[in-house]
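Report on one structure; see the data block that follows.
Keep in mind that what you see is a predicted model, and the values were worked out from it rather than measured.
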Amino acid sequence: MRATTIKIDGELLTAIERAKPPGESVTSYVRTVLRKNLEQNKVREAAATYVAFVESHPEEQQWLDEWERADLTSPPTEQRDAP
């Protein structure tokens with residue numbers, strides 16, 4: 001496993017120490033924050049990809065619009081096959 005050391009000092013270190021939960025090390029807190037940030041970036045990229053997909057496939061947008069109009073609070077009605 002590769003590892004690296006990053007020097008954090010001064011106001012940044014003070015701000016991190018104030019922000020971290022009591023009992024958690026600075027190293028653990030910074031690792032958690034970085035992991036969350038990277039995950040947020042993945043989610044943003046996925047959202048942009050999805051928006052591009054919907055924009056390039058109008059039938060998908062029509063289906064989504066139909067889904068938005070669907071009544072999801074009422075129980076379904078029984079439908080009988082036509083003769």
Side-chain angles (χ1 to χ4, degrees):
M1 171 200 261
R2 287 182 39 198
T4 188
T5 302
I6 300 172
K7 185 171 173 87
I8 300 173
D9 58 8
E11 290 180 31
L12 180 57
L13 178 58
T14 302
I16 291 170
E17 288 173 331
R18 278 196 309 264
K20 72 176 187 63
E24 186 173 5
S25 70
V26 170
T27 301
S28 175
Y29 178 71
V30 169
R31 186 179 299 119
T32 300
V33 169
L34 290 174
R35 222 177 249 132
K36 285 180 183 179
N37 183 268
L38 291 170
E39 187 62 32
Q40 287 173 345
N41 288 343
K42 279 189 203 177
V43 170
R44 280 189 206 101
E45 288 174 17
T49 300
Y50 179 72
V51 167
F53 170 79
V54 170
E55 288 175 351
S56 65
H57 294 84
E59 68 281 0
E60 185 74 13
Q61 185 60 56
Q62 291 169 354
W63 184 86
L64 289 170
D65 291 342
E66 183 179 329
W67 178 255
E68 285 295 321
R69 291 188 303 272
D71 180 5
L72 301 177
T73 59
S74 300
T77 59
E78 187 175 319
Q79 294 182 353
R80 297 185 185 245
D81 294 334

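Rounded to the nearest 0.5 Å, atoms CD (Q40) and CG (L38) are 9.5 Å apart.
Taking the side chain to side chain donor-acceptor pair (under 3.5 Å) definition, one finds that T73 meets it with D71, sequence neighbours left out. Residues forming a side chain to side chain contact (heavy atoms under 4.5 Å, CB included) with S56 (at least two apart in sequence, or on another chain): none.
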Return a table of donor-acceptor pairs under 3.5 angstrom between the side chains of residues 57-67 and protein atoms on other chains or two or more places apart.
| unit_1 | atom_1 | unit_2 | atom_2 | d |
| --- | --- | --- | --- | --- |
| H57 | ND1 | F53 | O | 2.9 |
| Q61 | NE2 | D65 | OD1 | 2.9 |

Side-chain donor/acceptor pairs under 3.5 Å, residues 2-20, sequence neighbours excluded:
| unit_1 | atom_1 | unit_2 | atom_2 | d |
| --- | --- | --- | --- | --- |
| T14 | OG1 | G10 | O | 3.1 |
| K20 | NZ | E24 | O | 2.7 |

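Listed by first then second residue, pairs satisfying side chain to side chain donor-acceptor pair (under 3.5 Å) with a partner in residues 42-54 read N41-R44, not counting sequence neighbours.
Cluster partners of V43: none. The rule joins Ile, Leu, Val, Met, Phe, Trp and Tyr whenever side-chain heavy atoms lie under 4.5 Å apart, and it links nothing here.
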